[in-house]
Amino acid sequence: MIAFVSGPVAALAPDTAVVEVGGIGMAVQCTPDTLSTLRIGQQAKLATSLVVREDSLTLYGFADDDERQTFELLQTASGVGPRLAQAMLAVHSPDALRRAVATGDEKALTAVPGIGKKGAQKLLLELKDRLGEPVGVGRAGVGSAVTAGWRDQLHAALIGLGYATREADEAVAAVAPQAEAAVADGAAPQVPQLLRAALQSLNRAR
């Protein structure tokens, strides 16, 4: 198993980072939160989980070991594959997921693309004794990631989660006042927070 990758970031895409490890470019699937902390040419260290299929080997990357462990635990629930587990972590931090499961917060799970009401109810039952209690530890550096070019990053993140271009455009427009308010206060918009707000707006529009 590849436990982590460490090296300079060679390239970034809406859902992938390429990290150079020993002269080899390792393509790592990451959430928008994690990608927002990376910069091309800068050193990065990502905890990783290798998913093996008959026709593919896919490396998933995370900000820390807690995210990776949560990603792997989520897949112990029936019907949850790596893509859905990653989508859950794109919307909620590990602790937020633990809190949602511990409190039976169905609405929090249905905010994830691909999870409906019945699916959320099933997941709450299956994950209750697997994720554990909230530990109160935030993501290292991710929740406070301040990034520039928030419109492009947010739009790319939504497309990467499977939304149509029109839906992504509408969601970006919906959270623009929030981003502009941050700028007015002298702060750069935080893409992870904007992504959660955008997903909430899309969920309400369904």
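Sequence positions, counted from 1, serve as the residue numbers for this chain. If you're wondering where the values come from, they're calculated on a predicted model, not measured in any experiment.
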| field | Under 3.5 Å: donor-acceptor pair, side chain of R83, backbone of V80 | value |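 No; judged by distance alone, with no hydrogens or angles, the pair does not exist.
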| query | Checking E67 side chain against A63 main chain: does a donor-acceptor pair fall under 3.5 Å? | reply |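 Yes.
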Spell out, yes or no, whether [X] and [Y] are grouped together once hydrophobic residues are joined by side-chain heavy atoms under 4.5 Å, including indirect joins.
X	Y	answer
F62	V5	no
V51	V19	no
V18	L46	no
V172	L194	yes

Flag the pair [X] / [Y] as yes when at least one side-chain heavy-atom distance between them is below 4.5 Å, and no otherwise.
X	Y	value
L89	L97	yes
L123	L74	no
L158	E167	no
I2	M26	yes
E106	L124	yes
S78	K122	yes

Starting at [atom1] of [X], measure out to [atom2] of [Y] and round the result to the nearest 0.5 Å.
X	Y	atom1	atom2	value
H155	D152	NE2	CG	8.5 Å
D64	K45	CG	NZ	11.5 Å
Y60	F71	OH	CZ	5.5 Å
L73	L127	CG	CG	8.5 Å
S49	D65	OG	CG	11.0 Å
S36	L154	OG	CG	11.0 Å

Could you list the residues that satisfy side-chain contact (heavy atoms from CB on, under 4.5 Å) with [X], not counting sequence neighbours?
X	result
T76	R130
L57	L50, V52
K128	V101

If you compare all heavy atoms of [X] against all heavy atoms of [Y], which two are closest, and at what distance to 0.1 Å?
X	Y	answer
D66	P94	OD2-CB, 3.5 Å
T16	Q29	OG1-NE2, 3.3 Å
A44	V9	CB-CG2, 3.6 Å
R196	S93	NH2-N, 4.1 Å
A197	Q178	CB-OE1, 3.5 Å
E126	A77	OE1-CA, 3.2 Å

| Enclosure of Q69 CD (heavy-atom neighbours >12, cutoff 6.0 Å) |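 No - once you tally the heavy atoms of other residues, nucleotides and ligands closer than 6.0 Å, there are 12 at most.
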| task | Begin from the C-alpha positions of R99 and D105 and carry the test side-chain contact (heavy atoms from CB on, under 4.5 Å) through to its verdict. | result | CA-CA 8 Å; R99 194 157 37 248; D105 189 351; over 6 Å; no
| request: Could you tell me whether D95 and R98 make a salt bridge, using a distance below 4.0 angstrom between a side-chain N and a carboxylate O? | output: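 Result for this pair is yes, salt bridge flagged.
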